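Here is how names work: the chains are called A, B, and so on, in the same order as the sequence lines, proteins then strands, and each is numbered from 1. Bear in mind that the values here come from a model prediction, so they are computed numbers and not experimental data. Values below: all heavy atoms of this structure, side chains included; hydrogens, waters and symmetry mates excluded.
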Amino acid sequence: MKKTNIKTVKGFNEILPPESFRWRLVEDKFRTLLEGYGFAELRLALLEPTELFARSIGGETDIVEKEMYTFTDRSNRSLTLRPEGTASVVRAYNQYSLGKISEINKLYYVGPMFRYERPQKGRYRQFNQLGAEVFGETSFYQDAETLVMLAQFFHALSVKGVVLHLNSLGCEACRPTFRDQLKDYLDQRQEALCGDCRRRISENPLRALDCKNPQCRETVTDAPLISDALCDGCRQHFSGLCGLLDDVGLDYQVNPKLVRGLDYYTRTTFEFLASDLGAQNAVAAGGRYDRLVEELGGKATPAFGFAIGFERLMMLIGSEIAPLSSPCVALVPLGEKALRLLFPIHVELNREAPVTTLGFQQKSLKSQLKKADRDGVRYALIVGSDELDQGEALCRNMRTKEQFRLPFDRLGEALRELYHEC
RNA sequence: GUGGGUGUAGCUCAGUUGGUUAGAGCGCAGGAUUGUGGCUCCUGAGGCCGAGGGUUCAAAUCCCUUUACUCACCCCA
């Protein structure tokens with residue numbers, strides 16, 4: 001404690017074993033599922049020009065205003081550690097002209113994001129997201145497929161108590177009208193709103209809808225609803241999506257007051273909310289953003305995406321997931337000569353799979369068996385002076401306590417056979 | 001940025017109204033007649049009691065400051 005005074009930066013979340021094994025399992029499930037649906041992985045830069053986020057997320061959002069890790073590098077460029085994944089994916093989509101390679105692009109990513117916020121339960125300054133984006137598809141079938149896929153992911157992990165909340169935010173045709181309507185409504189009730197909401201009236205009035213201040217909530221109960229203001233196109237898109245979700249039996253709640261903190265969303269927007277996560281209850285969220293690709297300088301391309309909060313997801317998953325495969329045989333040398341004999345076998349056997357364990361300290365048989373037991377191996381292979389004399393190792397089945405002999409000259413293949421039985 | 005809570009062994013925590021060398025459980029290491037694990041028993045290692053200052057004959061304990069963690073607000077995954 002006294003000399004380890006260099007510690008992680010506040011809020012930077014690190015994953016230690018055995019938790020890291022659980023993370024791997026969940027991540028593997030995510031990859032398998034998404035690749036099954038035709039997604040391919042993108043591994044992108046963690047550091048981007050600051051301008052990317054200012055333009056994509058929205059200059060007026062809290063994320064850009066006060067939550068980014070922004071600094072200038074040695075050549076005085078303003079750089080930012082990515083606070084989310086979508087902006088970078090869109091940047092890459094444009095930069096590498098992915099739209100020209102194929103009409104539809106389904107991409108996913110896994111990795112850390114950075115936001116300078118006060119850490120608390122389920123929120124860190126370095127946190128991890130599992131995310132995916134689909135480019136080039138306007139159909140509500142795409143929205144539905146992606147939402148169902150997410151629900152399948154949660155189901156496969158036995159996550160219970162997550163509810164899908166759905167809304168449509170309209171498009172460039174109908175949202176401005178609604179925005180003005182809402183602005184008027186809020187303007188007339190300024191006194192009843194909190195300071196933040198008053199500020200929001202001009203900047204982003206939609207966000208006043210999901211303010212948690214009780215008084216604001218009450219004030220907003222009779223506010224105009226976006227669902228009443230949607231244009232025909234948006235209305236059909238949304239009802240089409242709901243119809244598909246009904247068809248496949250995916251439960252959802254339409255929440256007309258659900259809005260997003262990021263400016264780029266259009267039409268479908270959603271959150272998967274967990275009941276037992278405390279205040280940070282959104283495990284996954286996302287929606288459609290049909291304008292962003294063009295706004296970032298690309299060809300107009302519709303898109304749909306989501307991000308899952310990895311830490312939050314892991315809090316919802318029971319810790320009873322089975323550990324990864326463990327070694328099968330503990331090699332137990334008694335003395336330097338035996339160790340010397342076993343070492344080449346050990347390194348040969350573990351080339352491709354965890355078959356054996358071998359300790360290099362000269363320890364008593366008793367403590368080596370103790371360790372073998374803790375490691376959960378099925379067999380202990382004992383080599384002491386007797387065995388060296390006879391040219392045979394003594395193999396003990398840790399469960400049945402049966403012991404049998406294995407000649408040195410075929411130890412390797414014999415252990416390999418035992419491993420395949422494990 | 002604003003509030004509240006908590007910092008004692010690797011982990012989970014005890015520690016009386018301030019009073020000797022600071023405790024338990026788990027974990028770790030070793031042992032219980034020569035080379036046989038899990039159960040039991042014994043022994044051991046491991047702490048500047050988060051840090052700094054103050055009050056006192058005496059501080060883990062009281063006061064101040066600071067820092068870290070944590071929960072909530074804000075916002076978000």
Nucleotide of G1(B), A77(B), G37(B) approaching E117(A) most closely (side-chain heavy atoms): A77(B)
The answer to which of Y124(A) and N397(A) contacts RNA chain B further toward the 5' end, by nearest nucleotide, is N397(A)
Assign G122(A) to base, sugar-phosphate, or nothing according to its heavy-atom contacts below 4.0 angstrom with the strands shown. base
Please classify the nucleic acid contact of R123(A) as base, sugar-phosphate, or nothing, using heavy-atom distances under 4.0 Å. base
Considering only heavy side-chain atoms of L365(A), the closest of G35(B), C74(B), C76(B) is G35(B)
Base, sugar-phosphate, or nothing for A285(A), non-hydrogen atoms under 4.0 angstrom? sugar-phosphate
What is the distance, to the nearest angstrom, from the CZ atom on F30(A) to the C1' atom on A77(B)? 12 Å
May I ask you to verify if any side-chain N or O of S385(A) is less than 4.0 angstrom from the OP1 or OP2 atom of G35(B)? no
Quick one, F153(A) and V26(A) - any side-chain contact, counting heavy atoms below 4.5 Å? yes
Between E67(A) and R118(A), is the closest basic N to carboxylate O distance under 4.0 Å? no
Identify whether any heavy atom of K370(A) sits under 4.0 Å from a base atom; if not, whether one sits that close to sugar-phosphate; answer base, sugar-phosphate or nothing. sugar-phosphate
By the 4.0 Å heavy-atom rule, please label D386(A) as base, sugar-phosphate, or nothing. base
Starting at the 5' end of RNA chain B, which residue's closest nucleotide do you reach first, S367(A) or A282(A)? S367(A)
Is the base of G38(B) touched by the side chain of R374(A) through a donor-acceptor pair closer than 3.5 angstrom? no
Whole-Å distance between C76(B) P and L206(A) CG? 12 Å
We want to know whether E133(A) and T86(A) form a side-chain donor-acceptor pair, criterion being a heavy-atom distance below 3.5 angstrom. yes
L394(A) atom CG is separated from G37(B) atom P, nearest whole Å, by 13 Å
Please tell me which of the listed nucleotides, A77(B), G31(B), G1(B), lies nearest to the side chain of S364(A)? G31(B)
Spacing between D373(A) atom CG and A29(B) atom P, to the nearest angstrom: 13 Å
Less than 3.5 Å between a donor and an acceptor, one on the side chain of Q368(A) and one on the base of U36(B), is that the case here? no
Is K401(A) touching bases, backbone alone, or none of the nucleic acid, heavy atoms closer than 4.0 Å? base
Looking only at non-hydrogen atoms, find the nearest pair between A338(A) and L388(A) and report the distance. N-CD1, 4.1 Å
Think R288(A) forms a cation-pi with Y265(A), using NZ or CZ under 6.0 Å from the six-ring centre and within 45 degrees of its axis? no
Classify Y116(A) by what it touches in the nucleic acid, base, sugar-phosphate, or nothing, heavy-atom distance under 4.0 Å. nothing
Sugar-phosphate only, base, or nothing, as touched by I382(A) at under 4.0 Å among non-hydrogen atoms: base
Rounded to whole angstrom, note down the P distance from G1(B) over to G18(B). 37 Å
Separation of A77(B) atom P from E84(A) atom CD, nearest Å, is 8 Å
Atom CD of Q126(A) and atom P of C76(B) are separated, to the nearest Å, by 21 Å
Taking only side-chain nitrogens and oxygens of K121(A), does any of them come within less than 4.0 Å of OP1 or OP2 of U70(B)? no
Any chance you could lay out the side chain to side chain contact (heavy atoms under 4.5 Å, CB included) test for E172(A) and R291(A), step after step, and finish with the verdict? CA-CA 9 Å; E172(A) 55 192 331; R291(A) 304 276 315 132; 3.3 Å; yes
Whole-Å C1' distance, C26(B) and A14(B): 14 Å
Work out how far the P atom of U33(B) is from that of G38(B), and round it to whole angstrom. 13 Å
Measuring only the C1' atom in each nucleotide, how far is A32(B) from U36(B)? A whole number of Å is fine. 15 Å
With a cut-off of less than 4.0 Å, is there a side-chain N or O of Q129(A) near OP1 or OP2 of A77(B)? no
Calculate the interatomic distance between F153(A) atom CZ and A77(B) atom P; express it in whole Å. 17 Å
Between R24(A) and D28(A), is there a side-chain N and carboxylate O pair less than 4.0 Å apart? yes
Is any side-chain N or O of K363(A) closer than 4.0 Å to OP1 or OP2 of G30(B)? yes
Extract the stems that RNA chain B is part of, considering only consecutive pairing runs of at least three Watson-Crick or G-U wobble pairs, both distances under 3.5 Å. B:1-7 with B:67-73, B:10-13 with B:23-26, B:28-32 with B:40-44, B:50-54 with B:62-66
So does E387(A) reach the base of G35(B) with its side chain, donor to acceptor, closer than 3.5 Å? yes
With ring centroids as reference points, do F270(A) and Y252(A) lie under 6.0 angstrom apart? no
Between A29(B) and G46(B), how many Å separate the two P atoms, rounded to a whole number? 16 Å
cation_pi(R312(A), F310(A)) dist<6.0 Å, angle<=45: no
Under 4.0 Å, heavy atoms only, any strand: does L130(A) hit a base, just the sugar-phosphate, or nothing? nothing
Remember a base hit wins even if backbone is also touched, and classify E271(A) as base, sugar-phosphate or nothing at under 4.0 Å, heavy atoms. nothing
Between G38(B) (C1') and K371(A) (NZ): distance, integer Å: 15 Å
